[in-house]
Amino acid sequence: MEEIKFINIDGIKVGHAQDIEAGTGCSVVLCEEGASAGVDVRGGAPGTRETDLLNPVNLVDKIHGVSLAGGSAFGLDAASGVMQYLEEKNVGFDVGVGKVPIVPSAVLFDLTVGNSKVRPDKEMGYRACINSENNDKDLQGNIGVGTGATVGKFLGPEHSMKGGLGSYCVQIGDLKIGALIAVNCLGDVINPGNGRILAGALKEDGTFANTEETMINSYSEKKNVFSGNTTIGVVATNAILTKSEANKIASMAHNGYGRTIRPAHSMFDGDTIFTMATGKVQADINVIGLLAARVVEKAVVNAILNTSTMYGYIAHKDL
């Protein structure tokens, strides 16, 4: 099994745009030839667009891009810029009078970071697509949708740490599969190899509070921690998948969240994973699924290892 760049998956382009001063951004994953796609939303507070189309009972078979953005529900507007970019390239679902690009989207909450009045919009989504044309690197950390991401928020923003965007991709024979994940979770991020916390809620003395134990010890308290959560991402592969299989892969990929985020899928997170399959290589769906969980796991950890201290939130490498 060889580690490769996420952008080396056949037919996949990745672009990012961000406003560093405002603390927000967006990332796009494009497949102009069209990709079989699925989605699995596990968190209780999602912000999404066009996910119903990915249900196997519905008509559209292919998507042409995914938009991941900050800005909470406002950030869904970035997908309009992706649609504009693809329409200009005559890419989309043919409806007779033109082609409609199919661009599902998910957003994370970063309004408490930087300037809450600046959010990813149509222009930023379009700019991310333009940037995809010359992107030859797996950019990670404080980039794109990960710009304003933070983690470990159960005790409030003053006890949180910096999150970010991570990726990881592997190749086995002709099969390629990778994940691009924006980590902005309520819980702590764990090193699955040794169970130690990499980033999360901090106590006053700078040590980890351990979010799960803190929540258990305060089980009787009603707590509103809707202060900015959600981990979102894309698993892309060159495998041949039907729509139903792509949805199953998205479901299996959530195991990567379960291995690295504690707790995952809370009522205050909108945890979402999309699958995009370019349809080049035949492979066992069970193998694709287990690899999907593995690359998500690695991408979550990479997001934490590659981020830098910003906006008053300390990063793992500066602890």
Side-chain angles (χ1 to χ4, degrees), residues 1-9 14 27 29 38-43 66 68 106 108 138-141 145-146 149 151-152 161-172 175-200 208 211-212 229-237 239 246-266 269-277 283-307 315-317:
M1 188 163 58
E2 176 189 1
E3 183 178 342
I4 63 170
K5 293 180 181 180
F6 183 88
I7 55 175
N8 285 347
I9 298 174
V14 178
S27 300
V29 182
V39 66
D40 192 349
V41 181
R42 295 279 180 95
V66 170
L68 305 173
L108 55 78
D138 279 337
L139 300 172
Q140 301 185 69
V145 62
V151 302
M161 289 181 61
K162 190 70 184 70
L165 182 69
S167 68
Y168 187 78
C169 188
V170 295
Q171 180 171 356
I172 306 95
L175 176 66
K176 300 176 183 178
I177 184 166
L180 183 76
I181 307 292
V183 183
N184 187 64
C185 53
L186 170 73
D188 303 326
V189 178
I190 307 299
N191 178 346
N194 57 25
R196 293 177 181 171
I197 299 174
L198 294 173
F208 290 116
T211 295
E212 284 195 332
N229 310 302
T230 294
T231 298
I232 54 178
V234 175
V235 169
T237 178
N247 276 276
K248 183 61 177 176
I249 296 303
S251 175
M252 297 171 78
H254 271 278
N255 290 336
Y257 286 177
R259 295 172 188 170
T260 55
I261 300 172
R262 297 181 185 172
H265 310 132
S266 80
D269 290 287
D271 297 340
T272 300
I273 296 179
F274 294 98
T275 302
M276 299 175 70
D284 180 357
I285 187 173
N286 297 291
V287 176
I288 300 169
L290 73 87
L291 289 172
R294 185 177 295 184
V295 295
V296 166
E297 174 186 323
K298 296 283 191 179
V300 170
V301 171
N302 280 346
I304 299 305
L305 297 183
N306 286 280
T307 196
H316 165 80
K317 61 187 176 185

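As a basis for the values below, the full set of heavy atoms in this structure was taken, side chains included, without hydrogen atoms, waters or symmetry mates. What you see is a predicted model, and the numbers here were worked out from it, not measured in a lab.
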> Are Thr211 and Arg262 side-chain neighbours, meaning at least one heavy-atom pair lies under 4.5 Å?
Replying inline: no

>> Return the CD to CG distance between Glu297 and Asn255, rounded to the nearest 0.5 Å.
In response: 10.0 Å

> Can you tell me if Lys298 uses its side chain to pair, donor with acceptor, with the backbone of Ser167 under 3.5 Å?
Replying inline: no

> Would you say Arg294 has more than 12 foreign heavy atoms packed within less than 6.0 Å of its CZ?
Replying inline: no

>> Side chains of Ile177 and Val170, heavy atoms from C-beta outward: is any pair under 4.5 Å?
In response: yes

>> Going by side chain to side chain contact (heavy atoms under 4.5 Å, CB included), name the residues that satisfy it together with Ala253, two or more places apart in sequence or in a different chain.
In response: Val235, Ile273, Ala292, Val296

> Does a side-chain heavy-atom distance below 4.5 Å link Leu165 with Ser27?
Replying inline: yes

>> Tell me the closest heavy-atom pair linking Ala106 and Phe274, and the distance in Å.
In response: CB-CE1, 3.7 Å

>> Within this structure, what is the SG-CD distance for the pair Cys169 and Glu2, rounded to the nearest 0.5 Å?
In response: 10.0 Å

>> Determine whether a donor-acceptor pair (N or O, by modelled atom type, separation under 3.5 Å) exists between the side chain of Asp138 and the backbone of Phe6.
In response: yes

> Would you say the side chain of Leu291 lies within less than 4.5 Å of the side chain of Met1, judging by non-hydrogen atoms?
Replying inline: yes

>> To the nearest 0.5 Å, what is the distance between NZ on Lys317 and CG on Asn306?
In response: 7.0 Å

> Ala182 and Val145: which non-hydrogen atoms are nearest, and at how many Å?
Replying inline: CB-CG1, 3.5 Å

Donor-acceptor pairs under 3.5 Å, side chain of residues 190-198 to any protein atom, not counting sequence neighbours: which ones?
unit_1: Asn191; atom_1: OD1; unit_2: Gly193; atom_2: N; d: 2.8
unit_1: Asn194; atom_1: OD1; unit_2: Arg196; atom_2: N; d: 2.9

>> For a quick test of reading the model, state the closest non-hydrogen atom pair linking Ala303 to Val183 and the distance between them.
In response: CB-CG2, 3.5 Å

> If you measure from CG on Leu186 to CG on Asp269, what distance do you get to the nearest 0.5 Å?
Replying inline: 5.5 Å

>> On a heavy-atom basis, which atom in Asp40 and which in Ser251 lie closest, and how many Å separate them?
In response: OD2-CA, 3.0 Å

>> With side-chain hydrogen bond (donor to acceptor under 3.5 Å, both in side chains) as the test, pick out the partner of His254 among Arg259, Arg42, His265.
In response: His265

>> Nearest 0.5 angstrom please: Asp271 CG to Thr231 OG1, how far?
In response: 5.0 Å

>> On a heavy-atom basis, which atom in Ile9 and which in Gly178 lie closest, and how many Å separate them?
In response: CD1-N, 3.8 Å

> At their closest point, which heavy atom of Asn302 faces which heavy atom of Tyr168, and how far apart are they?
Replying inline: ND2-CD1, 3.8 Å

> Just wondering, more than 12 heavy atoms not from Lys176 lying within 6.0 Å of its NZ?
Replying inline: yes

>> Any side-chain to backbone donor/acceptor pair from Asn247 onto Val39? Under 3.5 Å, distance only.
In response: yes

> In Å, rounded to the nearest 0.5 Å, how long is the span from CE of Met252 to CD1 of Ile285?
Replying inline: 7.0 Å

>> Would the distance check show the side chain of Asp188 and the main-chain N or O of Gly152 forming a donor-acceptor pair, the cut-off being under 3.5 Å?
In response: no

